[in-house]
Amino acid sequence: MGRGSIKILYFAWLRERVGVSEEDVDLPEGIGTVGALQDWLRGRSPRHAAGLVTGMTIRCAVNQEFAGPDEAVRPGDEVAFFPPVTGG
Amino acid sequence: MGRGSIKILYFAWLRERVGVSEEDVDLPEGIGTVGALQDWLRGRSPRHAAGLVTGMTIRCAVNQEFAGPDEAVRPGDEVAFFPPVTGG
Amino acid sequence: MASVRVQAADFDIGAETRALTGGRADIGAIGSFLGTVRDIAGGRRITAMTLEHYPGMTERSMARIAAEAEGRWPLLGCTLIHRIGRLLPGENIVLVLAASPHRHAALEAAGFLIDWLKTAAPFWKMEEFADGGTGWVEARDTDGAAAARWGTFPGA
Amino acid sequence: MASVRVQAADFDIGAETRALTGGRADIGAIGSFLGTVRDIAGGRRITAMTLEHYPGMTERSMARIAAEAEGRWPLLGCTLIHRIGRLLPGENIVLVLAASPHRHAALEAAGFLIDWLKTAAPFWKMEEFADGGTGWVEARDTDGAAAARWGTFPGA
């Protein structure tokens, strides 16, 4: 039973692996952090699992601010997953 | 009794004080270094003495290379006296 | 005071410098860094590079980087421009300009701006190789170390 | 590879950057420093500045400074331009550009070039004050210390 939706964004090779650039999902009960959200999203499809690999190589932003795995996520948030940045 | 002429150049406030930008002088016997040349030039006129003040504030180049007071000067050389540089 | 832009179009360092300094006589020193597309990466020939970014977060992080520079050095203005989309070898990618009365402030701020831009602004590069295929550029430890000289962008 | 010029005419950083990099796709990074005339010096308002130099020695020392930079960093070219004559507040005085595959090389070389140019190239500045009179700018200890970070120009 969801508590409200959050917007998920994927960039660069994560976007290619997951196969979508953006999706709205209902945030389930018990998912309150970036790390828990990432684990839960991995279960949505094999492509999600391939994109949202665990480990150091994935970065996250909550509401357009860099966020570590312990950062809180709440309904209405915008959460992005992406590789380490390589601009400049 | 001279051994041959050298060309002397003055720049910036030295040039203004000495009153000329360039002069050819016969290098006298016994004047073999930048320091000795500077002392000898000071005796040429009160304006030379006012321009070629002794101490740290004057720089010299012999044949367009920076030169300290012990550097040799010879007939045919181009010797310049000037303040510390302030370009850039 | 900072001018921060993300754009597909090219830019001109001369026009940007005039926009930063035009009509001002209090500046004295402008330090800059211009990054361009190289045609070689890891020994492979590159035919094009595509820059992807995170609209919204990009502008926020660039503004914060500029504000941080303005807090650390006595700047009279700075400019950050980053291009997006598909670029060819030799084309401009990124420009930072930092204006100050003091030359070391201008040069150090330019170094800071590009180091943090490389590690804290959400851009990603994808290269197209002359021998076929494409690849996402991997972040380099040296970029992280370079940025860490200046401290770390919040959370990055 | 260095382009070294002393000139009365103005220059454009955009045109100089294109001249340095035009048609090349092996560069990647251009660091630069642009110096302009400030309208204040030591609390006094400046109406103009005149740059005097030592023709011949100037070009020699600038070429040597450029060659030194090219020996210390992996540069693919550099540009040094210094104006002479009477300049008004806001006008360009000096430009250094350093091109390299590596951004820190480009930025460090630009810093080196301007630091040595300020202490080892025979230029002198005379300021005209708004409240009347003129004065030759005095060399600053901080410029010597900045240049000494990189070692010392022979004899200077």
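The sequence lines fix the lettering, A, B, ..., with proteins before strands; numbering per chain opens at 1. Computed from a predicted model, the values in this text were never measured in an experiment.
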Among [options], which residue forms the greatest number of heavy-atom pairs with chain B at distances under 4.5 Å?
options                       : result
D:M126, D:R140, D:E138, D:R60 : D:R60
D:L51, D:V137, D:L80          : D:V137
D:G35, D:A121, D:S61          : D:A121

Query raised in the report: Any ion pair linking D:R44 and D:E127 (charged N to carboxylate O, less than 4.0 Å)?
Result: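 Answer for the salt bridge query: no.
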
Requested in this report: State whether B:E65 and D:R64 are salt-bridged, where the test is any N-O pair (Lys NZ or Arg NE/NH1/NH2 against Asp/Glu carboxylate O) under 4.0 Å.
Outcome: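 Here B:E65 pairs with D:R64 in a salt bridge, since their nearest N and O are under 4.0 Å apart.
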
Query raised in the report: Are any of the side-chain heavy atoms of B:V85 and D:F123 separated by less than 4.5 Å?
Result: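 No, side chains not in contact.
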
Query - Side chain, backbone, both or neither of D:F153 within contact of chain B (heavy atoms, under 4.5 Å) - result: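 Only the side chain of D:F153 comes within 4.5 Å of chain B.
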
Query raised in the report: Which bit of B:E71 comes within less than 4.5 Å of chain D, counting heavy atoms only: side chain, backbone, both or neither?
Result: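 Nothing of B:E71, per the 4.5 Å heavy-atom cut-off to chain D.
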
Requested in this report: Report yes or no: do D:W150 and D:E68 form a side-chain donor-acceptor pair below 3.5 Å?
Outcome: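 No, because no side-chain N or O of D:W150 sits under 3.5 Å from a partner of the opposite role on D:E68.
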
Query raised in the report: Who pairs with D:R45 by side-chain hydrogen bond (donor to acceptor under 3.5 Å, both in side chains), at least two apart in sequence or on another chain?
Result: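 For D:R45 the side-chain hydrogen bond (donor to acceptor under 3.5 Å, both in side chains) partners, ignoring immediate neighbours, are D:D39.
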
